Each structure stands twice: as structure tokens, then as C-alpha cells.
Amino acid sequence: MTAISMKDLRKSYGSLEVIHGIDIDVGSGEFVALVGPSGCGKSTLLRMISGLEPISAGQMSFDDQRVNDLSPAQRQIAMVFQSYALYPHMSVRKNLSFGLENLRMDRAEINRRVDAAAKMLAIDGYLDRRPKALSGGQRQRVAIGRAIVRQPRVFLFDEPLSNLDAKLRVQTRSEITKLHKQLKTTMIYVTHDQVEAMTMAQKIVVLNKGKVEQIGRPLDLFERPANLFVAGFIGSPRMNLYPGKVASTGSDGVTLDSAYLGRFLVPGTGIDVQSGDDVIIGLRPSHLKLGPATPGAGGGTMTVEQVESMGHETFVYGRTGQSDELTIVHVPGHFEAETGSSLDFTFNPAFAHLFSSVDGRSLKGARM
Amino acid sequence: MSAPTSVAPVVVARGERIGDGLDAVMRIVEVPMATVQRLLGHARMPYVFILPNMLLFTVFVFVPVGLAIAYAFTGGTNLLIWDRPFVGLENFKALLDCGSYLEPSTCRYNLFWTAVHNTWWYTLLNTLGTLFFALVTALVLNRLTRGRGFFRAVFFYPVLLSPVVVGLIWQWFLAREGLLNGFLTDWFDTRIIFLLEVGWSRAWVVYVSIWFHMGFFMLIILAGLQAIPRDIYEAAEIDGTSQWRQFWCLTLPLLLPNLLVVTVLLLIRSVQVFDEAWVLTNGGGPGTANTFIVQFIYQTAFSPDLRLYGLASAASVLMGIALLVLTLSQLWLAKKAEV
Amino acid sequence: MIAFLTRTRHAGRFDLTDWLAWGWAILGTLVVAIPIAWAVISSLKTEAEINSFPPALVPRAAQTITVDGQAKPLSMWVRTMPDGSEQTVALLRRIGLSATVLDPSKPEETFRVPVAELRQLKEFHLQWSNYSEPMKQFNFLRYLWNTVFVTVVATVLTLLLNSMAAFALSKYRFAGRNAMFALILSTMMIPLSVIMVPAFMVIVGLNLADNLWGVILSTVSTPTGVFLLRQYMLTIPDDLIEAARVDAASEFRIYWRIVLPLCAPALAVLAIFSVIWRWNDFLWPLIVLSSPENYTLQIGLSSLQGQFNVQWHYILAMTVVTLLPVTVVFLFLQKYITEGVASSGVK
């Protein structure tokens with residue numbers, strides 16, 4: 001159980017800085033997910049934590065011990081690679097024991113740990129096979145097993161599920177969560193898939209362009225995104241965004257005017273706007289309802305372009321006025337609509353998110 | 001990259017036990033190397049890995065290159081460079097001192113110029129001959145639908161023989177009592193001592209070289225031929241292009257970059273002719289009819305009664321310059337061929 | 001008819017150009033095979049046979065017979081008598097133009113006949129002693145041992161050192177990497193023939209003249225080997241190396257346990273080449289080695305030929321011994337060798 005703290009971490013290649021001062025605290029035994037679009041620096045950050053990538057500036061500590069200049073082995077971390085990186089010329093057993101042999105561990109202890117890990121991951125039937133003779137899911141388990149036997153201070157996962165098919169991915173997701181509950185070791189998990197982050201992590205760090213956009217519990221990020229980026233990144237399908245203007249402010253809330261949604265009052269206090277400000281209004285597809293607007297609620301009309309029904313739920317994509325982006329409405333159950341037909345939709349203004357059209361930050365007092 | 005899936009677990013396990021055994025042995029190297037890594041840090045390890053190789057290259061290639069130039073400007077018969085007097089351009093002057101470069105007997109070192117002349121003729125004939133036979137053989141093999149692998153192996157086989165073996169095999173074949181003279185006696189009632197007649201021996205030296213090295217160049221040309229996409233010919237056929245035109249307008253131009261590289265490679269190799277000719281002709285005979293530049297350098301430097309290291313090095317430097325020009329043109333051609 | 005100049009044909013009819021192609025291939029095969037076959041056949045002939053002319057196509061030896069009352073076996077001859085009938089006789093001795101012979105069935109009666117009436121009887125015979133004799137007589141076992149020593153040690157060192165250099169060049173970033181790679185490749189442009197004099201001086205300076213190690217050390221570093229292995233190592237995923245690093249393996253252990261085993265195919269190709277190069281080396285050992293007990297096969301063989309009395313029956317037998325290992329290697333690994341040459345352009 002190890003707590004990790006990163007203070008103003010930077011990474012540059014020559015004059016090009018790719019990680020611009022990152023501060024993250026990972027509690028002991030916590031499961032943290034690093035998410036962000038590809039190229040956001042999340043893998044680089046993970047490699048800096050592992051010790052594979054030198055740290056250009058800032059400080060990285062494990063339990064208050066500075067580890068900037070320690071090798072991966074000295075940091076006692078274990079890592080599961082995206083490609084699994086199993087040694088193709090070694091049997092599964094050897095793959096698991098190699099790291100322990102490097103530490104000159106006693107042979108009996110090595111066997112004990114390998115057998116225990118193999119049993120736990122249900123790979124004890126394949127110990128004498130080469131990785132090539134295993135299925136994708138089995139390889140994945142071996143990669144995890146190789147990390148487990150080391151009994152590391154920190155587990156690092158670099159997009160470990162991206163090479164699995166959808167069904168296996170769901171299954172492995174819950175297994176990793178179970179593993180964390182069992183081992184209670186600190187885990188840091190990199191993914192570009194926000195569903196993985198939302199379902200597995202206790203804490204999510206959203207990264208973009210080498211900077212932290214928001215850190216928080218999964219539901220916090222969903223309900224109170226700190227800025228437009230997080231709002232757009234977390235949640236699937238994405239949040240609907242509309243331009244709007246502040247008509248007036250008052251003690252009961254803010255009245256907004258939008259070409260697409262009409263005029264409506266967003267209740268709440270501490271909304272950081274002034275009358276006449278340009279804002280961006282964000283609405284999750286699940287917060288939109290089909291039907292005519294009721295007084296006091298916002299609403300609009302869209303021309304249906306596409307309907308995606310999955311049986312138990314349906315997403316309706318439509319164009320609102322001259323908007324560039326399609327409005328997405330989530331309808332529970334099966335729903336059908338003609339392409340080109342007009343549909344009214346409405347929403348409860350209390351669920352509306354407000355963002356500054358200048359810098360994209362949330363105006364509704366989201367927790368950072 | 002790794003064993004096929006069919007490898008039985010038992011075999012895998014056994015292989016691993018052997019690996020572990022080797023591992024124990026390697027501890028002898030591993031432990032000091034791990035210590036080195038602790039002392040130097042992991043970032044300096046690549047230098048440790050590359051060091052032995054670079055050291056050997058330095059000692060046996062880079063230093064000699066420098067020394068070759070230094071030797072060329074010194075005289076005397078001492079081997080160690082610090083015992084040798086500086087003579088400036090004297091060695092080069094001596095080598096180049098000639099009444100007429102076309103007539104070796106008018107030169108101060110007529111053996112050198114004889115060698116240059118012999119090498120020149122050899123290079124010309126060997127390059128053209130090898131190119132011709134390699135090209136035709138490659139075209140033939142490319143055309144064969146059956147037996148290609150077999151014939152490719154047969155034609156390549158001589159390349160792997162040693163120059164000494166090749167020289168001896170052919171010396172025996174051409175000997176007074178050899179097979180060829182046996183046939184000549186049977187059919188024409190005559191015997192020719194091929195390797196003791198100037199004209200014949202020169203022709204046979206070229207022939208044996210072609211026999212020896214042709215397979216290598218054939219293989220390169222064949223690879224080039226097989227890289228030509230087949231659909232080009234199909235398109236030409238649909239256009240009604242005759243076979244002749246397909247050869248002249250498609251095959252040859254597409255193969256040209258490959259052929260140019262092969263030609264320069266041949267030139268570079270030919271200039272350095274020594275071993276098989278030396279063995280075949282018993283040291284360059286008859287007389288000096290088959291004495292080539294490398295043999296001149298070797299004899300001038302290492303004959304017990306000569307030991308003219310400076311003169312030999314000057315000749316080396318001159319040959320090195322010629323080779324450098326050829327090599328650079330090869331690199332240039334190879335680069336152009338890639339584009 | 002020129003169609004055969006253009007391309008691989010479609011299967012189907014067999015026309016004139018096919019005949020020409022097959023003719024060329026078969027003729028070429030004969031041109032390659034006959035001199036080698038002739039050397040192999042001749043290496044099994046007796047000394048007397050090898051010097052007789054015109055040469056026989058099969059190895060033969062004089063037929064002999066042991067006759068009662070004669071200490072040594074006698075050679076068998078056919079006597080063609082003036083009336084045309086033939087008789088088999090054994091030759092006792094020959095003086096000038098007449099010979100003393102006897103009829104093997106009546107060994108007591110000897111008689112004199114003109115030599116012109118006699119024709120020797122020969123039988124198929126393989127003279128294996130051509131192979132065993134030089135082993136005793138010319139120190140050939142010593143040459144063989146020296147060559148095997150040089151070949152094995154140089155190949156092992158080549159694989160080890162070249163793969164280490166290739167590992168550094170392919171799996172690390174470090175200052176001077178590209179410069180060092182360029183330097184190594186540049187040595188391809190410097191043939192031995194240009195630097196043999198100073199290279200020999202270096203050998204003398206290192207006190208390695210007339211020493212097998214002098215032959216070995218200077219050939220261990222090969223630009224071809226470094227290049228070949230580097231290209232192969234570039235295909236090994238970096239993830240594996242990082243995984244090993246996370247697994248607490250030292251850099252040398254990564255090289256030894258991860259990279260080297262994964263390079264096995266490239267190492268095998270280099271090993272084959274290295275064995276053939278070192279086995280066939282001639283000029284450099286010729287310069288470095290001076291005393292016969294240090295000769296390699298190639299030097300020993302060429303020195304035999306320079307001797308006053310050329311004993312071709314021994315030379316040819318030893319030539320066959322010398323070409324045998326390369327031939328065996330080629331027979332088994334033909335595919336790898338030709339593909340290796342075709343793809344990398346090295347020999």
C-alpha cells in the first residue's frame with residue numbers, strides 16, 4: 001500500500017514540453033484512472049510513474065520518498081502493457097517467474113507465488129505453454145499474473161483491455177476491480193475509454209494536452225464537469241451543447257436565451273455570470289425528453305436525421321435550426337421516427353450545465 | 001519470433017531447464033555487468049555494449065587506414081612505423097615514374113604497371129562476362145516454372161567454395177593430365193598446357209572467376225527480376241506488346257538500377273582480384289601474365305627479399321582511392337535506384 | 001523466341017524458348033558440376049593412375065594376383081598373341097622391350113614376350129589412403145584443427161560482439177549513436193587488400209603475428225553482422241524490453257535472456273555466413289601465419305601445391321576434405337543462405 005504524490009511534474013523532449021506541470025495525489029490503495037484522448041500525455045505520465053521515462057522536472061514521491069531517479073525495479077512497481085509484452089520465447093511459468101528470478105528470490109518462494117497467482121487467475125492449466133498458444137484473454141491474465149507475483153507497491157495498467165473483444169472486455173473489467181478489492185494495492189490505470197474509467201476507478205484524472213482538466217470521483221465528473229472538455233469527454237453519447245445568452249440574473253437563478261432552446265430559467269445560486277454574457281448550455285441526452293415544452297421548462301424542435309434503436313433504449317439524432325451539431329435525445333425503450341420528421345423536445349432546466357464561451361470553464365460552481 | 005503453437009509443453013519445459021542451466025553459467029558475466037550498470041547507470045550501458053566491437057574496429061580498421069597513409073610516405077624496410085624515415089612523395093613518384101603508361105616496360109616499377117594493366121583487362125572482361133552470364137542465367141531461372149530452386153542452388157554453390165579450393169579444382173581440370181586435355185587428345189589429337197601459355201592462362205583466369213562468382217550476382221539480379229510486378233506484363237500483353245518490346249521496354253529499364261549496382265559491385269570486386277587467381281596460376285604466372293595489383297602489394301610488402309612496406313602502402317592508397325570512387329558511385333546509384 | 005527474356009511464363013505449352021531455358025540450365029549445371037566431380041573422382045585414384053594419360057573416367061587400379069612361389073602379388077596383363085588369341089598372364093619383370101611373364105594357372109613356367117603384346121588389366125578401385133595418408137604425412141590434422149578452432153571461436157565471438165553492438169544501436173538512444181552506426185557501416189568500404197600492410201603491423205605490435213588469435217580477432221567485428229542483427233532487433237517490440245526492465249532485469253540480462261533468444265533466426269543466418277567466411281579465409285591468414293604448425297587448411301592446401309613434387313592425389317583428397325563442410329552446410333541450409341544473400345546483398 002503506497003501513496004503517490006506528483007508535484008508539478010514536467011516532461012520535455014528537447015525544447016518540446018509534452019507534460020506541463022501535473023499535480024496528482026493518489027491515496028494509498030486507491031484505484032485511479034487516467035483518461036483522455038489519444039496524445040493527451042496519459043501514457044507518458046504512466047511511464048514517468050513507472051520509471052521507464054525520465055522525469056524532466058517536478059517531484060514524484062512514493063510514500064514521501066522521492067523516486068525521481070529510481071529505476072522501475074527500485075520503485076517496486078509492476079506494469080501491465082497494452083500489448084501485454086509477454087516474453088514470446090518463454091513458457092507462462094517462466095514469464096511469471098522471470099521477474100522474481102531477476103531478484104534472486106528463493107526457488108521455493110518463486111514457485112509458491114507463481115502457483116498462487118496462477119490459481120487465482122485460473123491460468124494454472126497453461127503454465128507450460130508459450131504465450132502464442134494462448135487466447136487473447138488468457139494472455140491478458142498472464143500479463144496480470146506477471147504483475148501480481150511481484151507483489152509490487154503499485155500496479156500500473158496501460159490500456160490493458162484495448163486488445164480484447166467487447167465481451168471479454170466487460171468480463172475482465174470486473175475481474176480487475178475484484179482483484180483490486182482483494183489485493184488492496186494502489187493501482188493506476190490508463191485508458192482512453194471513459195466507460196472503463198467510470199466503471200472501475202475510484203478516482204478519475206482527466207488529462208488533455210499534457211494538463212490535468214479535472215480530478216474527481218466518477219459521478220462527480222459526470223454530474224459536475226469542471227469545463228467543456230470534461231463535459232464533452234465524459235458521458236456517452238456526448239453532451240448536447242448550444243450557444244446562449246444570459247437574459248437576466250436573479251436570486252432564484254439565471255434566465256437564459258437561446259436561439260435553439262427558447263427562454264428558460266436555470267435555478268440555483270452562485271452561478272458566475274452577468275446579464276448579457278455569452279454562455280454555452282450543456283444538456284445530457286438522457287436529460288432531454290421528447291414532447292412539447294411545458295411552461296417554465298426549456299425546449300426546442302429538431303428535424304430527425306437518424307434513429308439508433310438498441311431495443312431497450314433509443315438515441316434520436318436531429319438537427320435544431322441551423323446548428324452545426326446534431327442534438328441527441330435518449331429515449332428509454334424502443335422508439336421509431338421518420339427521417340425528416342419534426343420532433344419537439346423538452347428538458348428540466350435544473351439539469352442544464354453552463355460553460356463560459358470564453359474559456360470553457362463551468363459556471364455552475366463545479367468542484368475542481 | 002517464437003516457437004510454433006505445436007511445441008509440446010514438455011518440450012518447452014525441457015528447453016527452459018536447459019536455459020536455466022545456461023543461465024547459471026552466464027552469471028559469471030552477468031554479475032560483473034550488473035555491477036557495471038550500478039556504477040555507470042543504465043543510460044551509459046549502450047556504450048558498454050558497443051565498446052568491444054568499436055575497439056576491434058578501431059584497432060583493425062581505423063588505425064590501419066591511418067597507418068596505410070602514414071606508411072605510404074615512409075621508406076626503408078623496417079616494419080615499425082617509428083623506425084621508418086619520412087620520404088615524402090617518393091613512393092608515389094616511384095610508382096608513377098613511367099615513360100609511357102601504356103607500356104609497362106618503360107616504367108621504373110614495371111611490375112606495378114604490368115599488374116595495373118593485367119588488373120584493368122581482367123576487370124573489363126570479368127565484369128562484362130559475369131554480367132552477361134549472370135543476367136542470362138537469372139532470366140532463364142526466372143522463366144523456369146519447375147526446378148528453379150534446384151538450379152538456383154546449383155549455380156550459387158561455387159560462391160561458397162574457398163578460393164584455394166576453386167583454384168586447385170580448376171588447376172587440376174586444366175592440367176597436362178587433366179580432363180580437358182583428355183578430351184582434346186581424344187577429339188583433336190592435341191594437348192595444350194593451358195596455364196603455361198600467356199593467352200590461355202589469362203582467359204582461364206577470367207573464366208574461372210566468372211564460374212566462381214557468377215551465382216552471387218545472378219541471385220541479386222534474380223531478386224530484382226522477381227520484384228518486377230507481374231501485372232505490368234499482363235497490361236503490356238493486353239496492349240499487344242511483342243515479347244521483344246516487353247524485354248527492351250519493360251524488363252530492361254525496370255531492371256536497370258539493379259544492374260547498375262551489380263556492375264559497380266563487380267568492378268569493386270574485380271579490382272581486388274587475388275586469391276583464386278594466385279592459386280590457379282601458381283602465383284601469377286606464367287611470368288607476370290596474371291600478376292594483379294593486390295598480388296603486387298602482397299609481394300612488395302611480404303616477400304622476404306623486398307619488404308618495401310612504404311611502396312606497397314603507396315600502391316594500397318592508390319587502389320583505395322580507386323575503390324572509394326567506385327564505392328561512392330555505388331552508394332549513389334543504390335540511392336538513386338531506391339527513388 | 002525471345003519470349004524467355006521477359007518473365008516467368010504461365011504454365012501451359014512447352015515451346016522453343018522453354019527448350020532453350022532448360023538447355024541453358026542443364027548445360028550450366030554440367031559446367032558447375034564437372035570440374036568438381038572430376039576433382040572428387042581424381043582424389044580417389046592411385047598415384048600411378050593420376051599421372052597416367054589419357055585420364056580414366058573412373059578410379060581404377062592395376063589388377064593383381066598372388067601366385068604360389070612368388071613373394072609379391074603380380075600385376076595382371078592380357079597378352080594378344082600373333083594369331084589374335086588372348087591370354088591372361090602375370091608379369092614378373094620387364095627388361096627393355098621384353099617382359100617375363102607366367103601363366104597363373106601354371107606358375108612354374110615363365111616365358112618372355114614382347115612388351116607390345118601386353119595390355120594391363122585394371123579394376124575399379126577407390127584409393128582411400130589418399131585421405132588417410134596426408135593426415136599423417138603433412139600435418140593435415142593440425143591444419144584441420146586450426147581451421148576448426150578459428151572458425152568456431154571467431155563465429156562465437158562474432159555472434160556475441162556483433163549482437164551486443166546491434167542491441168545498443170537498435171534499442172537505446174544515446175549521444176553518438178548514429179555516428180557510430182555510420183562508422184561501422186563505413187568499414188564495409190575498406191577492403192582488407194587496402195589495409196593489409198598496416199593491419200599486419202598492428203598484429204605485430206600486439207604480438208599476435210603467427211598466432212591464430214591474430215587471425216581471429218581482426219575478423220570478429222563485421223559490419224555485415226552488426227547491420228543484419230540491428231535490422232532484426234528493430235522488429236522486436238520495445239515493450240518487451242521495458243517489461244523486462246520493470247521485471248527488475250539488468251540491461252545485460254535483458255540482452256541475454258530477452259533479445260538474444262528472440263534474434264535466433266538472424267543469429268543463425270549470421271552464424272552460417274561467419275562459418276563459411278572463416279572457413280574459406282585465405283589472404284589474411286596467409287599474411288598473419290608463418291609457421292606450418294599454425295597453418296589453416298586453406299594455407300596448408302595452397303602450400304602443398306607450391307611444393308617441388310606436386311602430389312596431386314593428396315592435394316585433391318585434401319581439397320575434397322576442405323570443400324566438404326561448406327557443401328554439407330549448403331545442402332542443409334541452402335534456402336536460408338540463398339534467401340539471406342538475395343535479401344541483404346551480402347556474401
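As the structure is a prediction and not an experimental result, all values here were calculated from the model. Note on naming: letters A, B, ... go to the chains in the order of the sequence lines (proteins, then strands), and numbering restarts at 1 for each one.
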Where do [X] and [Y] come nearest, in terms of heavy atoms and distance?
X: B:I297; Y: C:S193; result: CD1-O, 4.3 Å
X: C:P55; Y: B:G182; result: CD-CA, 3.7 Å
X: C:S186; Y: B:F62; result: OG-CE2, 4.3 Å
X: C:P35; Y: B:W170; result: CG-CZ2, 3.3 Å
X: B:V294; Y: C:M196; result: O-CE, 3.6 Å

Notebook entry, point to check: Given C:V194 and B:M319, is the side-chain contact (heavy atoms from CB on, under 4.5 Å) satisfied, shown in steps?
Noted result: CA-CA 7 Å; C:V194 172; B:M319 189 173 81; 4.0 Å; yes
Next item on the list: Classify the ring geometry between B:F49 and C:Y255 as parallel (under 30°), tilted (30 to 60°) or perpendicular (over 60°).
Entry: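 Because their plane-to-plane angle lies in the 30° to 60° range, the rings of B:F49 and C:Y255 count as tilted.
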Notebook entry, point to check: Taking the inter-plane angle between the rings of C:F282 and B:F274 on a 0 to 90° scale, is it parallel (under 30°), tilted (30 to 60°) or perpendicular (over 60°)?
Noted result: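 C:F282 and B:F274: parallel rings.
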Proximity breakdown for [X] and chain C, heavy-atom pairs closer than 4.5 Å:
X: B:Y47; answer: side chain
X: B:F217; answer: neither
X: B:R191; answer: side chain
X: B:T137; answer: both
X: B:Y157; answer: both
X: B:N181; answer: both
X: B:V63; answer: side chain
X: B:W172; answer: both
X: B:L160; answer: both
X: B:F302; answer: side chain

Notebook entry, point to check: Can you tell which of B:G66, B:G224, B:G178 has the highest number of heavy-atom pairs within less than 4.5 Å of chain C?
Noted result: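 If we count pairs closer than 4.5 Å to chain C, B:G178 comes out on top.
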Report yes if some heavy atom in the side chain of [X] is under 4.5 Å from a heavy atom in the side chain of [Y]; otherwise report no.
X: B:T327; Y: C:M188; answer: no
X: B:Y298; Y: C:L286; answer: yes
X: B:L51; Y: C:M164; answer: no
X: B:Y71; Y: C:M201; answer: yes

When rounded to the nearest 0.5 angstrom, what distance separates [atom1] in [X] from [atom2] in [Y]?
X: B:E30; Y: C:R257; atom1: CD; atom2: CZ; answer: 8.0 Å
X: B:Q171; Y: C:W312; atom1: CD; atom2: CH2; answer: 4.0 Å
X: C:L192; Y: B:Q272; atom1: CG; atom2: CD; answer: 9.0 Å
X: B:I169; Y: C:T319; atom1: CD1; atom2: OG1; answer: 6.5 Å

Item checked: Residues C:W22, B:L144; criterion side-chain contact (heavy atoms from CB on, under 4.5 Å); working and verdict -> CA-CA 8 Å; C:W22 276 95; B:L144 290 184; 3.7 Å; yes
Identify each donor-acceptor pair in which a side-chain atom of residues 52-61 of chain B lies under 3.5 Å from a protein atom, sequence neighbours left out, and give them as a table.
| unit_1 | atom_1 | unit_2 | atom_2 | d |
| --- | --- | --- | --- | --- |
| B:N53 | OD1 | C:S221 | OG | 3.2 |
| B:N53 | ND2 | C:L161 | O | 2.9 |
| B:N53 | ND2 | C:N162 | OD1 | 3.1 |
| B:T58 | OG1 | B:M54 | O | 2.5 |

Notebook entry, point to check: Within the distance-only criterion (no hydrogens, no angle test), does the side chain of B:W211 pair as donor or acceptor with the backbone N or O of C:V31 below 3.5 angstrom?
Noted result: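 Yes.
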Notebook entry, point to check: Can you check whether B:Q37's main-chain N or O pairs, donor with acceptor, with C:E251's side chain at less than 3.5 Å?
Noted result: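 Not confirmed, C:E251 side chain does not pair with B:Q37 backbone.
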Check: Measuring heavy-atom distances to chain B, does C:V197 have an atom under 4.5 Å in its side chain, in its backbone, in both, or in neither?
Finding: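 Looking at C:V197, backbone and side chain both touch chain B.
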Note to self: Is a donor from one side chain sitting under 3.5 angstrom from an acceptor on the other, for B:S162 and C:W279?
What the structure shows: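 Distance-only check fails for B:S162 and C:W279.
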